[in-house]
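Every chain is numbered from 1 and lettered A, B, ... according to where its sequence line falls, protein lines coming before strand lines. Nothing here was measured: the structure is a model prediction, and the numbers come from that model.
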There are 2 protein chains.
Amino acid sequence: MAGNSRFAVSVHILAYLAYRKEGAVSSSEIAASVGTNPVVIRRLLSALVKARLVTAQKGASGGFALASTPAGIPLLAVYRTVEPKPDHGLNRFAPNHRCPVGARIESVLQGIFFKAQAGMEAELARVNVAEVERQLHAVCARKP
Amino acid sequence: MAGNSRFAVSVHILAYLAYRKEGAVSSSEIAASVGTNPVVIRRLLSALVKARLVTAQKGASGGFALASTPAGIPLLAVYRTVEPKPDHGLNRFAPNHRCPVGARIESVLQGIFFKAQAGMEAELARVNVAEVERQLHAVCARKP
DNA sequence: GTTTAATGTAACCAAGAACGTTACTCTTAA
DNA sequence: TTAAGAGTAACGTTCTTGGTTACATTAAAC
């Protein structure tokens, strides 16, 4: 994952839209739940709309809504939409190609990072927004 | 993973120590292979020594060496040693607890992140430094 | 013993990323 | 026609990262 909160906030947004089922929800209302600025919410929603996970309605009484049922939105799609491509630090890594190790380590690391990333994404593929909603209720039951 | 290159550089270091089998290797020699400053190398090695993955020899003709066979060093141990605890952005995330979603989303996200992290770490547990060394030679064969 | 080469670490700096914020334009329901 | 809201650019602050200098400590070699 990464050092930002984009994915966490995006899942919160989608869970909130699922919770508020009916109608268009404004970025201000979502921002109040997330505890941040409406512009931050709109920035993320801009990406989620482009990825067709959410629909937007401009103008007065406009707002956002899920583009499909909660069960139709896997968290992996959310992750890939809002998270920048993970490079695992390989961008700031420029080994000496005149050294036998330095010349070849990058492609080895790429293979390792690819598998690690795939292992993580496989778990995100197993969860969708409906499951998040279900877990929210389960937490609720544990904190009566 | 994260936005830094600590894990990538650490694997490079260990691969280099495995490649240079005999004797103590100085941080300057490693830095020349990695393409960075010796202090950066020593900072990472300081953590790897504390984790008992590497041994250090102070004084003239001192340096570093693997603490065990390359096969005895899984990359997961390296990852856990040099990488700060991944929080997946949950530190900068302070939802409104007066909202039913905001009050419960954090614990749901923690569960999701834990599984995603475990999926990634499971892949890192399958690789050790000996395997990295083997793959370095395989890359060599492909680039004769 | 003295010298020399090395680790160990603190301190500082520059570059970049992340996020909040302000300030707009554009759109549309009422 | 107005008011509410999306869309987006621009900017500042804070934090992280990695490079760099500097210096104390250690130990082999002579």
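Rounded to an integer number of Å, the gap from B/Q57 CD to C/dA5 P is 17 Å. Between A/D87 atom CG and D/dT17 atom C1' the separation is 13 Å, expressed in whole Å. Atom CD1 in B/I41 sits roughly 15 Å away from atom C1' in C/dG8 (whole-Å rounding). Spacing between atom NE2 of A/H88 and atom C1' of D/dT17 amounts to 17 Å, rounded to whole angstrom units. Between the CZ atom of B/F7 and the C1' atom of D/dT16 there is a distance of 20 Å, rounded to whole Å. The distance from atom CD1 of A/I30 to atom C1' of C/dG20 is 17 Å, rounded to the nearest whole Å. In this structure, NZ of A/K50 is placed 12 Å from C1' of D/dA6, rounded to the nearest angstrom. Going from atom CZ of A/R92 over to atom C1' of D/dT16 covers 8 Å, rounded to whole Å.
Using a 4.0 Å heavy-atom cutoff across all strands shown, B/G63 reaches sugar-phosphate atoms only and no base atom. Within the nucleic acid shown, A/N4 comes within 4.0 Å of sugar-phosphate atoms alone, with no base atom in reach, counting heavy atoms only. Nucleic acid contact class of B/S28 (heavy atoms, under 4.0 Å, all strands): none. Counting any heavy atom pair closer than 4.0 Å across all strands shown, A/R43 reaches a base atom.
Listed for the B/T81 side chain is a donor-acceptor partner under 3.5 Å among the backbone atoms of B/A77.
In this structure, B/S46 does not reach the C/dG8 phosphate: none of its side-chain N or O atoms is under 4.0 Å from OP1 or OP2. Between A/R6 and C/dC19 there is a side-chain N or O to OP1 or OP2 distance below 4.0 Å.
Relative to the side chain of A/A60, the nucleotides D/dG18, C/dA18, C/dA29 differ in distance, and C/dA29 lies closest. Comparing D/dA29, C/dA29, D/dG7 by their nearest atom to the side chain of A/A56 picks out D/dG7. Side-chain proximity of B/S61 to D/dA6, D/dT21, D/dA29: nearest is D/dA29.
Residues B/R42 and A/K58 both approach DNA chain C. Their nearest nucleotides, taken by heavy-atom distance, put B/R42 toward the 5′ side.
The local environment of CZ in A/R20 is crowded, with over 12 non-hydrogen atoms from other residues, nucleotides or ligands closer than 6.0 Å.
Between A/H12 and B/F93, the distance from one ring center to the other falls under 6.0 angstrom.
Side-chain atoms of B/R92 and A/S5 form no donor-acceptor pair, as typed in the model, at a separation below 3.5 Å.
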